[in-house]
Every structure is written in C-alpha cells, then in structure tokens.
**Q** 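The structure that follows is given in the form of structure tokens.
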There are 2 protein chains.
Amino acid sequence: MATTIRQVAAAAGVSVATASRALSGSDAVVPVTRDRVLRVASDLDYTPSRLGRSLATGSTGNIGVILPDVTNPFYTGFLAALESAVAERDIGVLVGDSHETPELERRLIQRMAGQVDTLVLASSRLGDEAVVAASARLPVVLANRMLEAATPVPARLRQITIDVEPGFSAAVRHLHALGHRAITYIDGPAHSWSGRQKAQALTRTCAQLDLPLTTVAMTRPDFEGGRAALARIVPQRGGARWDVPRAIIAFNDQVALGLLSALRDAGWDVPGDVSVIGCDDSLPTGMAWPALTTVDSSSRTLGALAAAAVLEPDAPRSATVQTRLIVRDSTGRAVAG
Amino acid sequence: MATTIRQVAAAAGVSVATASRALSGSDAVVPVTRDRVLRVASDLDYTPSRLGRSLATGSTGNIGVILPDVTNPFYTGFLAALESAVAERDIGVLVGDSHETPELERRLIQRMAGQVDTLVLASSRLGDEAVVAASARLPVVLANRMLEAATPVPARLRQITIDVEPGFSAAVRHLHALGHRAITYIDGPAHSWSGRQKAQALTRTCAQLDLPLTTVAMTRPDFEGGRAALARIVPQRGGARWDVPRAIIAFNDQVALGLLSALRDAGWDVPGDVSVIGCDDSLPTGMAWPALTTVDSSSRTLGALAAAAVLEPDAPRSATVQTRLIVRDSTGRAVAG
DNA sequence: TTGAAAGCGCTAACAG
DNA sequence: CTGTTAGCGCTTTCAA
C-alpha cells in the first residue's frame with residue numbers, strides 16, 4: 001500500500017487537516033510547518049491519491065474522449081493535440097473507441113460519466129437526444145459535429161466544428177476553372193455529420209455553377225474504402241471511357257490516396273486523365289503521388305480547440321476551424337471528352 | 001448530483017448493504033428483494049460511482065497505457081487492439097503520450113499510479129531501474145521492450161515482445177538469394193529496444209553470410225524520417241551510381257514508404273535498381289507502390305497479448321509475437337554494379 | 001494557525 | 001438473508 005496523508009501527518013507531527021493544507025499549498029499554514037510537512041512527504045515518497053481527492057472534491061482531474069476509430073489518422077491527430085494540451089495542466093485522458101457504433105458509444109459514456117470532469121465526443125454517432133442527455137450529466141464538448149438547428153443547446157455543451165464551406169466551395173470552383181463540367185464526390189460514413197456538411201457544400205456550389213454532382217457511398221473512410229468505392233465505378237483504361245469520373249473530390253485524404261491507387265491500377269493518369277482532391281491536408285510531402293490537392297482542415301487544430309473548451313471555463317459556446325483549398329499536383333485541366 | 005446507492009436503498013426500503021449486494025449480483029440476497037432493488041435502481045437511473053467503489057475495493061477497473069506517440073500507426077494499432085479487448089471486460093483505458101521522452105513518461109506513470117490497476121508501457125524509453133520501480137508500485141506490462149538480461153525481473157512485471165530474428169534473418173537471406181552483396185539498414189529512434197533487436201538480427205545474419213551491413217541513423221520512425229534519412233545518401237540517377245544502396249531494410253513500413261518516395265524522386269526504380277524491405281505489414285494493399293516486401297510483426301497482435309497479460313491473472317511472465325518475411329514486389333534481383 | 005470530525009459513494013466484515 | 005458499522009484517502013467546515 002502506498003503512503004497516505006495520515007502517515008505523512010503523523011511523521012510530521014501534525015493533523016491530517018494541516019498536512020492536507022500544506023500539501024495543497026494553502027496559505028493558512030505557517031511556512032515552517034508547511035516546509036516540514038513537505039519534506040516529510042517527499043522523504044516518504046508520498047503521492048496523493050487521486051481517488052480520495054476526487055471523492056472529496058467532486059472533481060476527478062480526468063477527461064473522457066470518445067472517438068469512432070483510434071486508428072484513423074484524423075482522430076489520432078485530434079487526440080494527440082488534445083492530450084498534449086490537457087496533460088500540461090496535469091489532466092488525464094480516458095479514451096474509448098466506439099467503432100463507429102452508437103451503442104458502444106453510449107456504453108462508453110455510461111462507463112466514463114462517473115470518473116471524468118468533461119466528456120469530449122469526437123464525431124459522435126449519437127442522436128441529438130443522447131448527446132443532450134449526456135450533457136445533462138456532465139459538461140460535454142462535441143467536436144466535429146453540431147446539433148440540429150432545432151435542438152436547443154444545453155448550457156454545458158460546447159460545439160467545435162470545421163467549416164468546410166470555404167474549402168469545398170473553392171475546390172469545386174477550382175475544378176470548374178480547369179474546365180471540368182461534372183463532379184464526383186466520394187462520401188464519408190453513413191451517419192457522419194461532417195460528411196453531410198461536405199456534401200451540402202458541394203451541392204450548393206455545384207448548383208451555383210450549374211455542374212452535375214454524383215455522390216458515391218462508401219463503407220469506411222480510409223484507404224481501402226476509397227480504393228473499393230472507386231474501383232467499382234472506374235473502368236480500365238481503354239474500356240468504356242465515357243463514364244470515367246474526371247473530377248473527384250474525396251471525403252478525406254486517406255480516401256483520396258485509395259482513389260489514386262485504384263486509378264493507377266486501372267491505368268488512368270492523375271492529373272492527366274482525372275483530377276483528385278482530398279481533405280484534411282494530413283499527408284506528409286511525398287506520401288501521395290502526385291502531391292495531393294486538398295482542403296486543409298487540421299484535426300490537430302480541432303483538438304486544440306477542444307482542449308481550450310475543456311480548460312477555459314468561459315470558452316465560447318462554439319468555435320470553428322476554417323478551411324481553405326491547397327492546390328498541388330493532383331488536379332489538372334479537363335481533357336476533351 | 002447523480003443518484004447514490006443510499007437513495008436507491010431508501011426507495012427500495014432496504015439497507016445500503018443489501019442494495020449493494022443486490023446491485024453487484026450477490027447470491028446472498030433473496031430474489032424478490034433483489035428484483036425490487038434492481039427495478040428501483042433503474043427507475044432512478046442509478047449508475048454506481050466508480051470512484052466510491054474503487055476507494056472501497058482498492059481496484060479501479062482502469063488500466064493506464066503509455067505510448068511514445070499516439071500518432072504512430074504502430075502504437076495506434078496496438079492501442080486499438082488493447083482497448084477493444086479490455087473494453088469488453090468493462091475496463092477503462094487512460095492513455096498518455098510520452099512524446100518519446102523519459103521525463104514525460106515518468107510524470108505520466110506518477111499521475112496514473114493511483115488510479116489504475118495495471119500499467120501498460122509500450123516501447124518504454126525508461127531505464128530498467130525506472131521500470132522496476134514502477135512495477136514495485138503496481139503491476140506493469142512491458143510491451144515491445146525487455147529488461148536487460150542482468151536485471152532481475154520483478155514478480156509483477158510481464159514482458160511482451162516481438163521476436164524479430166526470424167523475419168529479419170529471412171529478409172537478409174532473401175536479398176542474398178537475389179544476388180545482393182551488401183545491405184543497408186535504416187535504423188529506428190535512438191533509445192529504441194526494438195531498433196537494437198533489429199540491428200542485432202541483421203548484424204548476426206549478415207556476418208553469417210559475409211555481407212557488409214551499413215546502418216543509417218534516423219530521427220523519427222515515420223514517412224518523413226525515412227525520406228529524409230535516405231535523401232541524404234541517395235544520389236540522383238545518373239550521378240555517382242557506385243554508392244547507391246541496392247538493398248535496403250527499413251525499421252518499419254512508414255520509413256520504407258518514405259524510402260520509396262525518396263528513391264522515386266531521385267529517379268531510381270524499385271525493385272529494378274533498388275530493393276526495399278519494410279517491417280510490420282501495416283500497409284493496406286495498394287498503399288505502397290510497388291507492393292512492399294515486409295517483415296510481418298503485427299502491433300495488433302502485440303496489443304492483444306498485452307490485453308491477455310492484463311486480464312488473465314496467471315498469464316505467462318512473458319510472451320512473444322513471431323515474425324516472418326512476406327515477399328511482395330519491392331525486392332528484386334541485384335543488378336550488376 | 002491548527003485540530004477534530006464529518007462525509008464524498010461504496011464495499012465488506014461481523015452480527016443478528 | 002439482512003442490517004449495522006467501519007473504513008478506503010482525502011478535503012473542508014467548524015471550533016479552538
């Protein structure tokens with residue numbers, strides 16, 4: 001058993017109350033006493049029990065983070081930024097992987113509720129009611145997701161989102177300027193709020209420019225998902241060329257990477273035959289070939305904003321990460337049909 | 001404030017002790033009473049406080065996991081497998097990112113010590129003494145790392161490692177059989193135990209086959225690290241051809257991907273001019289071009305074994321993940337100098 | 001400035 | 001089978 005505050009108090013010849021005060025740096029204790037307690041504590045290699053403290057104070061010094069997939073670089077970047085930021089304030093992080101399922105997410109919330117001060121839900125797959133219910137139990141930070149406009153926002157809920165509009169709108173205009181007259185969008189997971197945002201932004205801009213938009217559903221928002229989704233619709237070079245999508249926008253960079261791979265396998269040249277745009281700017285230089293034109297929407301920034309929402313008691317009720325288009329080498333002039 | 005067991009007991013007309021027994025499914029309570037308590041509990045939407053329970057029982061139902069980098073796919077796979085396995089047993093996971101630094105790792109251990117039942121240290125950058133000290137405070141599972149042979153292994157320490165010998169030895173023999181007569185190894189981080197294992201396995205096998213081995217140091221074990229490390233030593237095609245490494249083995253797949261990228265930039269063909277071998281088999285099909293010959297050493301398997309070490313009280317003191325060579329398209333016949 | 005005592009929510013002897 | 005009681009380690013009134 002580890003040393004307790006009682007042992008420290010005894011060894012220092014004071015009461016536990018005084019020991020507690022000394023250890024928490026209260027000024028209601030005379031310096032000489034405090035120093036004695038502190039010295040004894042370090043001699044005894046004393047570490048305060050978080051559990052005891054939590055029970056007494058009602059605050060745990062931990063936060064809970066629930067992600068749809070710990071393996072996805074987007075969430076990994078989010079988690080890294082968030083963890084680093086809160087760790088500096090000596091706050092611990094309980095993680096849960098919901099595997100994209102609402103039931104598991106619910107269970108994880110249940111599990112964490114009692115032992116964290118704040119819950120961070122990244123890209124929650126839960127319905128609005130469940131999110132609202134959670135925020136009735138403890139403060140919640142919703143990241144990369146927003147409640148429906150009709151849902152009243154609970155006081156203890158903060159929302160951090162990515163405004164994909166500027167980036168995706170610019171992406172469409174960029175393709176249009178290159179001469180493309182039809183856009184294909186490879187969508188994200190079924191219940192993804194951000195996927196809907198992206199689709200909406202595309203729909204809006206395509207309507208303005210009078211461009212037809214085709215949306216392709218996809219299972220998993222990763223490399224293999226992108227490969228599989230596109231492989232189904234891309235004919236071999238030399239086959240029926242009329243239905244090759246010439247301008248493709250992907251849900252994220254991983255998916256775009258999969259597209260690049262599927263296109264290469266089928267013998268198509270990027271950007272010669274087909275233009276591809278990703279999202280997140282998450283790939284190191286040289287990872288994609290050709291270098292990927294992408295919508296910048298850093299998940300690390302999202303994580304940093306979530307951290308701020310957790311740490312600053314009077315952070316704004318909502319915050320937004322802006323996006324913009326980064327043009328690189330995977331987009332080019334449309335070829336004549 | 002959430003409902004407490006006292007309120008449940010009162011509402012059910014029993015003592016807290018009986019309520020506690022009913023809720024924990026003890027058979028020392030008559031069914032009718034138990035059902036009543038259970039019904040009241042669910043009516044009141046009661047969730048037991050983990051904190052209270054932990055303090056009373058001395059066990060928290062949480063484990064701590066410390067990784068050098070949550071962003072690295074190797075640890076991400078490890079964490080995912082570990083988290084999924086323990087979550088099924090309703091065990092929570094506190095994560096900490098040590099950013100490859102021993103000091104931060106020490107701080108995280110300190111922070112977690114009081115509130116987890118077991119500590120899982122992945123690729124710990126700590127010295128043996130620090131690891132031994134930690135295992136004196138609570139059970140520790142060391143993953144992808146082993147104490148020095150001279151260090152006595154504490155009773156509460158479990159070690160899960162990857163035996164790179166078979167895979168790396170096969171890699172060298174494979175290259176030798178293809179006619180290669182010199183090997184270059186792109187090493188891992190400075191204090192990495194697994195990096196040393198790999199280097200040793202290569203040294204041993206190269207000595208047996210009388211092959212010269214060149215080791216190149218590297219900063220970060222990722223795509224950019226691999227690109228940077230190789231870019232320094234690879235001349236442009238058409239430049240001084242005599243010093244191009246013709247057979248390269250990388251610390252991991254990410255690094256190998258970086259190599260592929262750097263080689264392509266310099267105009268070299270893989271496997272025509274240069275053969276490249278990775279490690280981990282962590283890339284989806286099509287991610288590397290050409291498909292990467294690699295040493296299979298799944299970090300998910302490592303995570304699953306770590307989970308077993310955490311969950312099974314009498315798991316073996318140590319376990320090992322085996323490795324083997326998977327030959328794909330990135331290795332080919334040596335060209336005449 | 002310090003100490004005694006109550007209590008955070010729960011479990012676990014020990015009686016009955 | 002059920003209730004009483006004593007803590008787990010800590011903070012925090014309230015008195016002294």
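Reminder, nothing fancy here: chain letters follow the sequence lines and each chain counts from 1.
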**Q** Considering just the side-chain nitrogens and oxygens of A:Arg53, establish if one lies under 4.0 Å of OP1 or OP2 belonging to D:dG9.
**A**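 A:Arg53 to D:dG9 OP1/OP2: no side-chain N or O under 4.0 Å.
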**Q** Determine, step by step, whether B:Gln7 and B:Thr4 satisfy the side-chain contact (heavy atoms from CB on, under 4.5 Å) criterion, reporting the C-alpha distance in whole Å, the side-chain angles of both residues, the deciding distance to 0.1 Å, and the verdict.
**A** CA-CA 5 Å; B:Gln7 305 175 34; B:Thr4 76; 3.6 Å; yes
**Q** For the residue pair B:Gln115 and B:Thr60, what are the closest heavy atoms and their distance?
**A**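 Closest approach of B:Gln115 to B:Thr60: O-OG1, 3.3 Å.
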**Q** Would you say A:Arg6 reaches D:dC8's phosphate, i.e. side-chain N/O to OP1/OP2 under 4.0 Å?
**A**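 Yes.
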**Q** When the distance from CD1 of A:Ile5 to C1' of D:dT12 is rounded to whole Å, what number comes out?
**A**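 Taking atom C1' of D:dT12 as the reference, CD1 of A:Ile5 is at 12 Å.
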**Q** For the pair made of CG in A:Asp35 and P in C:dT1, what is the distance, rounded to whole Å?
**A**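 Whole-Å distance recorded here is 14 Å.
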**Q** Between B:Gly52 and B:Val29, name the one whose nearest nucleotide on DNA chain D is closer to the 5' end.
**A**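 With B:Gly52 and B:Val29 compared, the 5'-side residue is B:Val29.
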**Q** Atom CG of B:Asp69 and atom CG of B:Asp222: how far apart are they, to the nearest 0.5 Å?
**A**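 The CG atom of B:Asp69 sits 8.0 Å away from the CG atom of B:Asp222.
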**Q** Using atom CG of A:Asp27 as one end and atom P of C:dT1 as the other, report the distance to the nearest whole Å.
**A**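 Nearest whole value for this atom pair: 8 Å.
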**Q** For atom CD of A:Glu312, is the number of surrounding heavy atoms from other residues, nucleotides or ligands below 6.0 Å larger than 12?
**A**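 Above 12, so yes.
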**Q** Any base atoms under 4.0 Å from B:Thr33, or only sugar-phosphate, or nothing? Heavy atoms, all strands.
**A**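 Counting heavy atoms under 4.0 Å across all strands, the contact made by B:Thr33 is with sugar-phosphate only.
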**Q** At under 4.0 Å between heavy atoms, what does A:Arg21 touch on the DNA or RNA strands: base, sugar-phosphate, or nothing?
**A**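 Touches a base.
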**Q** Report the nucleotide, chosen from D:dC10, D:dG3, C:dT11, that has the shortest atom-to-atom distance to any side-chain atom of B:Thr57.
**A**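 Nearest nucleotide to the side chain: C:dT11.
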**Q** Without decimals, in angstroms, what is the distance between B:Leu55 CG and C:dT11 C1'?
**A**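 These atoms are roughly 10 Å apart.
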**Q** Over how many whole Å does the gap from A:Leu23 atom CG to D:dT11 atom P extend?
**A**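 After rounding, the reported distance stands at 8 Å.
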**Q** Would you mind telling me which of C:dA5, C:dG9, D:dC10 lies closest to the side-chain atoms of A:Ser49?
**A**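 Minimum distance to the A:Ser49 side chain belongs to D:dC10.
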**Q** Specify the residue among A:Ser24 and B:Val14 whose closest nucleotide of DNA chain D lies further upstream toward the 5′ end.
**A**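 Between the two, 5'-proximity favours B:Val14.
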**Q** With respect to the side chain of A:Ala17, which nucleotide from D:dT4, C:dG3, C:dT11 is positioned closest?
**A**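 From the listed options, C:dG3 comes nearest.
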**Q** Send over the distance from B:Leu51 CG to C:dT11 C1', rounded to a whole Å.
**A**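 So the CG-C1' distance, B:Leu51 to C:dT11, works out to 14 Å.
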**Q** State whether A:Ser20 places a side-chain N or O below 4.0 Å from either non-bridging phosphate oxygen (OP1 or OP2) of D:dC10.
**A**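 Answer is no, no contact under 4.0 Å.
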**Q** Side chain of B:Val30, heavy atoms from C-beta onward: which of C:dA5, C:dC10, D:dC1 has the nearest atom to it?
**A**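 Out of C:dA5, C:dC10, D:dC1, the nucleotide with an atom closest to B:Val30's side chain is D:dC1.
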**Q** Quick check for you: among D:dT11, C:dA4, D:dG7, whose closest atom lies nearest to any side-chain atom of A:Ser15?
**A**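 Of all the options, the side chain of A:Ser15 is nearest to C:dA4.
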**Q** So does A:Arg34 pair up with A:Asp27, basic N to acidic O under 4.0 Å?
**A**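 A:Asp27 and A:Arg34: not salt-bridged.
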